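Scroll down for the structure; my scribbles are underneath it.
Residue numbers begin at 1 in each chain, while the letters A, B, ... track the order of the sequences. The model shown is predicted, which means the values in this text are computed figures rather than measured ones.
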There are 2 protein chains.
Amino acid sequence: MQHETRARDTKGDIHRAALDLFSTRGYEKTSLREIAEQVGITKASLYYHYSSKQDLLQAIIGTFFDDMRAVFDQVDDQPWSPERERELLGAYLDVVINHRSTGPTILRDIAAVLAAFGDQLDDLIEQSRRFQVWLAGPDPKPSDRILAAAAVEVVGAVFSAGLDQSEVPDEEFRTILLDAATAVLARRQHHR
Amino acid sequence: MQHETRARDTKGDIHRAALDLFSTRGYEKTSLREIAEQVGITKASLYYHYSSKQDLLQAIIGTFFDDMRAVFDQVDDQPWSPERERELLGAYLDVVINHRSTGPTILRDIAAVLAAFGDQLDDLIEQSRRFQVWLAGPDPKPSDRILAAAAVEVVGAVFSAGLDQSEVPDEEFRTILLDAATAVLARRQHHR
DNA sequence: GTCTATAAGGTGATAGAC
DNA sequence: GTCTATCACCTTATAGAC
């Protein structure tokens, strides 16, 4: 618990400035000079906190991936149940919403993200697949698998809708998409 | 109309073999020798039909992108209506289903796809965004935009479900996902 | 018209003083 | 922790030879 209250959180400021610029201007087109300028420090000071531009990208997107992993890990802890299903789906949705600003960066600069996370990405995709299978419920038919996949996809609308926090608050986003994903999952019965 | 009926469609055979190998083994890990072997021709003959490995990738994925564009273009032709909505959504779904085998290749080898299509991809993303806005209906609220985005995302389950044609026939896929996407869009009224 | 040479300015990154 | 100064590199643009 160092720095319980600190006068200035430079590292955090850099993180936020970079996230802002990366998501609006793109990773490649954002220079470290611009980031430093926005924070009010020099480029060299920035390097004291982050060892490279890629390190900064890793700090931004890495936390997103970590949070996703944390949700996926819960799949193994408890067996499937209707309550757990909605709970985990909601937790997953929360993670995506919490990182909604990083979405555009990931989508726009896949190449850079691949360069920074190439190896870790395979694990994440595999875990995501396990989550999707779990969501299909016990003893799933192929149609259940499809609907589970569709429900997971629905969450991706956080990114693809192209609306920012000023237009739609997090709470509204959460309600709409959790209900939509639930409606998709509910269709499993129609095909039983 | 050359070659109305031909004894052997070598170029098509190469296309199919490459699609098969790319989607199972991955683009990078598939050698042109393997493709030629599967077709039953030499590597030199393969180069007669396709000038490079990237040219082959372009032939495979290019048709997918062309078909998507054809659907998106219809957005400008006619105004929105409930009937057109389901029609276009179905057409989009058909395109994705028709190219479901190429999905894994695109997802797995984004880097290669980016290298081959980098510039064209921006246009496609922009057109996809326009399609999504059109799907939100006339005078859309933000919540309508979200649900439209979610409906489009649902179609992506064709790829992410990880089921192949032998497990789920195209027709079943189409029915399940078109109904699911429609169910998502139907929720627009709930937030009016 | 096309090609090489060179200049100008911005980039990510490092060294060393304070 | 932050700064100034500086590095090597790359892109862009212009100049002038052919």
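- A donor-acceptor contact shorter than 3.5 Å is absent between the side chain of B/Asp109 and the backbone of B/Ala111.
- Residues from residues 45-53 of chain A with heavy atoms under 4.0 angstrom of DNA chain D, sorted by number: A/Ser45, A/Tyr48, A/His49.
- A salt bridge does not link A/Arg145 to B/Glu167: none of the charged side-chain nitrogens sits closer than 4.0 Å to a carboxylate oxygen.
- With respect to B/Leu88, the side-chain contact (heavy atoms from CB on, under 4.5 Å) criterion is satisfied by exactly one of B/Val75, B/Leu135, B/Leu93: B/Val75.
- For DNA chain C, the neighbouring residues in residues 28-37 of chain A, judged by any heavy atom under 4.0 Å, are A/Thr30, A/Ser31, A/Leu32, A/Arg33.
- Between A/Asp9 and A/Arg16, at least one side-chain N (NZ, or NE/NH1/NH2) sits under 4.0 Å from a carboxylate O, which counts as a salt bridge.
- Rounded to a whole Å, the CG atom of A/Leu57 is 14 Å from the C1' atom of C/dG12.
- Taking the ring centre of B/Tyr48 as origin, the terminal cationic atom of B/Lys11 falls outside the region bounded by 6.0 Å and 45° from the ring axis.
- In this view, A/Glu28 satisfies the side chain to side chain donor-acceptor pair (under 3.5 Å) rule with no residue, not counting sequence neighbours.
- Straight-line distance from the NZ atom of A/Lys11 to the C1' atom of D/dT2: 16 Å, rounded to whole Å.
- Using a cut-off of 4.0 Å between Lys/Arg side-chain N and Asp/Glu carboxylate O, A/Arg100 and A/Asp170 are scored as salt-bridged.
- The residues A/Arg69 and A/Glu126 are annotated as not salt-bridged, no charged nitrogen and carboxylate oxygen being separated by less than 4.0 angstrom.
- Neither OP1 nor OP2 of D/dT2 sits under 4.0 Å from any side-chain N or O of A/Thr42.
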